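Worth saying up front: this structure is predicted, and the values here are computed from it rather than measured. Chain letters run A, B, ... following the sequence lines, proteins first and then strands; every chain starts at 1. All heavy atoms count here, side chains included; hydrogens, waters and symmetry mates do not.
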Amino acid sequence: MNFFAFDLRKMAIVLIIIALPFLSVNMQRNPGDEAWYKKPLSLLVGALQNTYSSFTSEIRGTTSTYIKLIGIKKDNSKLLKENEELRAKLGALVELKLENERFSKLLDFKQRSGMKVIAARVISRDISPDHFSIRINRGFQDGLRKLQAVITVEGVVGYVFKPEAYTSQVLLLTDRSASIDAIVQSTRARGLVQGKNHSSCRLRYLERADDVSIGDMVVTSGLQGIFPKGFPIGRIVSVKKTEFGISQEAQITPIVNPNNLEEVLVVTDSGNQDFSNKLGGGGGDFGPPLLSKQFGYSSGTPRLDTSKIEAASPQEANELSKTGSQPVINDPSPVRQGD
Amino acid sequence: MKERFLFASNIFLFLLLALVCASFQSSLWFQMMGYFPGPSLWVSILVYISIHRKLVESLLVLILLSFIISPFTSMADGILLMSIFILGLSAKVFKQRIYWLSATYVMLICGSSVIAFHMIKWILGIYIEEKHFYWPYFSDWIIEAILTALLSPPLFKLLEYIDRMLNRETMDQAGKVV
């Protein structure tokens, strides 16, 4: 076949068909409204594209969320672990802060009291529940000796009972074997504080004529040369007087709660300090501000009505009866009856 | 010579264990739990010595045990020694009447020994001590007894292991030396 033998008419028709769009189409990319015949097509294409786009973005979102979740989980466990560590550190720091406050208080007391004291930590307690003693981490090597006073900032704790080389056993004032010479702060009535149980002591051998009331503060007399004078021991919570006898007895609650002891001070030299004037009724330099609120006592408060003296309980009546004293049951008569 | 060494080692280990148990009760337990009563495991050791040793040997070991326990308490040494003696002899008599090899028996005898020890100490204190009368903390006694009873069986196993290791005699069901 001859390559050059072609039909001119067919060729012309083809060229016209090819040329026609180029003649009618805008060759320039000018912004403007679309031609009317293109609008339905554009609408359809747009809808189709939108559908495809939302579908793929959903899939992309789900995939990215899943990938992020794995990362979040790892971050979460790391943060939880970090949180626990920080909480533990915080707990330790709080403990350190409290310890620091206690030591600051002890140091302040040591500097202001004028006494020579050695700070000690409580390391153990008595194995018998009926005996009240503690062991501290100071001994002979630190200058401790037998019968040295053991105190805290608030008040009397006890005295050194069995000192050893590096530790010492301290007899608490609540132990029934402990005895501390004491006076009632307001009336200067003298007696002997002896331990009774884990939360109370007895002030014994008060003279019958002594004026003793609930709420009175009991302090050390300083006569034994063990404790500094006027240092708080406890507050009177009840007074017992038998119908016959030459003495009366009071129950006192110690200022220092022996169940909460962590650090104590051992007085190696009291320096003849007298704390009588340093104790307010609750607002002095030393002493227990809280108990004064509990008992409503201050230096200017009038004495309590003596008819509030409590009768002996049957249990204590039994004890008193063994010593030959008769208990007074429901006796509303004032203190001075029979004087 | 070897027998004497084993014998001495046995006593030494038992006393060392009593020291550790008493320290645990007075110091470690106190630091963790405060004044909540702790288990008196040294009483379990006392009971074990009393029921598994001959009379003279057990009394001698009990004397040494009282020396070990004395620094842990402000109790008078004489009262402590007498209480330990009475308790040890009572445990021996009890074992001769009632004995069977089981953890229940161990719990029973150790728990009741704790209460018996406190009771003996209290009664002796009433008649001997200067400041004699006091109302004890019965609730503390009971809690101590329960805790001691619960922890005594594994302690007995340890003590039996020490005895076996050091060739000491053990008891059979009838309570006779094997």
Side-chain angles (χ1 to χ4, degrees), chain A residues 121-137 139 146 158-179 192-202 204 257-262 313-323, chain B residues 18-19 21-43 68-77 79-80 83-84 114-115 117-126 129-145 147-148:
Chain A
R121 194 186 290 269
V122 176
I123 57 174
S124 71
R125 58 158 285 193
D126 203 303
I127 54 168
S128 169
D130 302 320
H131 294 80
F132 306 110
S133 69
I134 54 174
R135 187 169 285 276
I136 58 175
N137 64 345
K146 197 176 173 183
Y159 49 88
V160 176
F161 181 58
K162 285 184 193 170
E164 285 149 24
Y166 298 102
T167 60
S168 299
Q169 204 171 19
V170 172
L171 196 67
L172 299 177
L173 72 113
T174 47
D175 189 278
R176 63 185 184 284
S177 303
S179 297
L192 197 67
V193 170
Q194 291 179 341
K196 187 180 172 190
N197 58 40
H198 73 287
S199 60
S200 68
C201 305
R202 281 187 285 208
R204 303 182 76 187
N257 184 356
N259 297 331
N260 294 340
L261 289 171
E262 292 188 41
S313 66
Q315 175 182 324
E316 284 159 339
N318 280 336
E319 190 182 339
L320 285 170
S321 67
K322 283 186 184 175
T323 60
Chain B
L19 186 72
C21 291
S23 301
F24 168 77
Q25 183 191 357
S26 65
S27 185
L28 190 62
W29 182 274
F30 167 67
Q31 298 289 342
M32 290 191 303
M33 308 291 285
Y35 278 82
F36 188 77
S40 296
L41 295 174
W42 64 273
V43 173
I68 298 284
I69 298 300
S70 169
F72 291 97
T73 177
S74 60
M75 206 187 304
D77 293 341
I79 291 185
L80 177 65
S83 305
I84 286 176
V114 170
I115 293 185
F117 173 75
H118 288 306
M119 193 72 77
I120 293 165
K121 175 172 60 82
W122 181 45
I123 293 170
L124 283 174
I126 289 173
E129 278 186 321
E130 208 175 280
K131 290 156 185 117
H132 50 88
F133 187 76
Y134 63 98
W135 283 111
Y137 292 97
F138 294 111
S139 56
D140 285 0
W141 294 5
I142 292 166
I143 294 170
E144 255 189 52
L147 290 172
T148 307

Under 4.5 Å from a heavy atom of chain A, the part of W42(B) involved: side chain

Between M75(B) and S128(A), what is the shortest heavy-atom contact and its length? CE-CB, 4.0 Å

When you measure from the side chain of N259(A) to the backbone N and O of G34(B), does any donor-acceptor pair fall under 3.5 Å? no

Sort I127(A) into side chain, backbone, both or neither according to what part of it lies under 4.5 angstrom from a heavy atom of chain B. both

Heavy-atom pairs under 4.5 Å with chain B are the metric here; pick the option from T167(A), N197(A), I134(A) that has the most. N197(A)

Look at A22(B), P136(B), G38(B) and state which one has the largest set of heavy-atom pairs under 4.5 Å with chain A. P136(B)

Check whether more than 12 heavy atoms from other residues, nucleotides or ligands sit under 6.0 Å from atom OH of Y166(A), and answer yes or no. no

Between H198(A) and Y137(B), is the ring centre distance below 6.0 Å? yes

Rounded distance [0.5 Å steps], CD in E262(A) versus CD in Q31(B): 8.5 Å

Indicate the atoms forming the closest heavy-atom contact of S70(B) with K162(A), along with that distance. O-NZ, 4.2 Å

Who passes side chain to side chain donor-acceptor pair (under 3.5 Å) against S27(B), sequence neighbours left out? none

Going from CD1 on I79(B) to NE2 on H131(A), what distance comes out if it is rounded to the nearest 0.5 angstrom? 7.0 Å

What heavy-atom pair brings P129(A) and W141(B) nearest, and what distance separates the two atoms? CG-CD1, 4.0 Å

Residue pairs involving residues 128-137 of chain A (criterion salt bridge (charged side-chain N to carboxylate O under 4.0 Å, His left out); sequence neighbours excluded): D130(A)-K121(B), R135(A)-E164(A)

On a heavy-atom basis, the closest approach of Y35(B) and P258(A) is OH-O, 3.3 Å

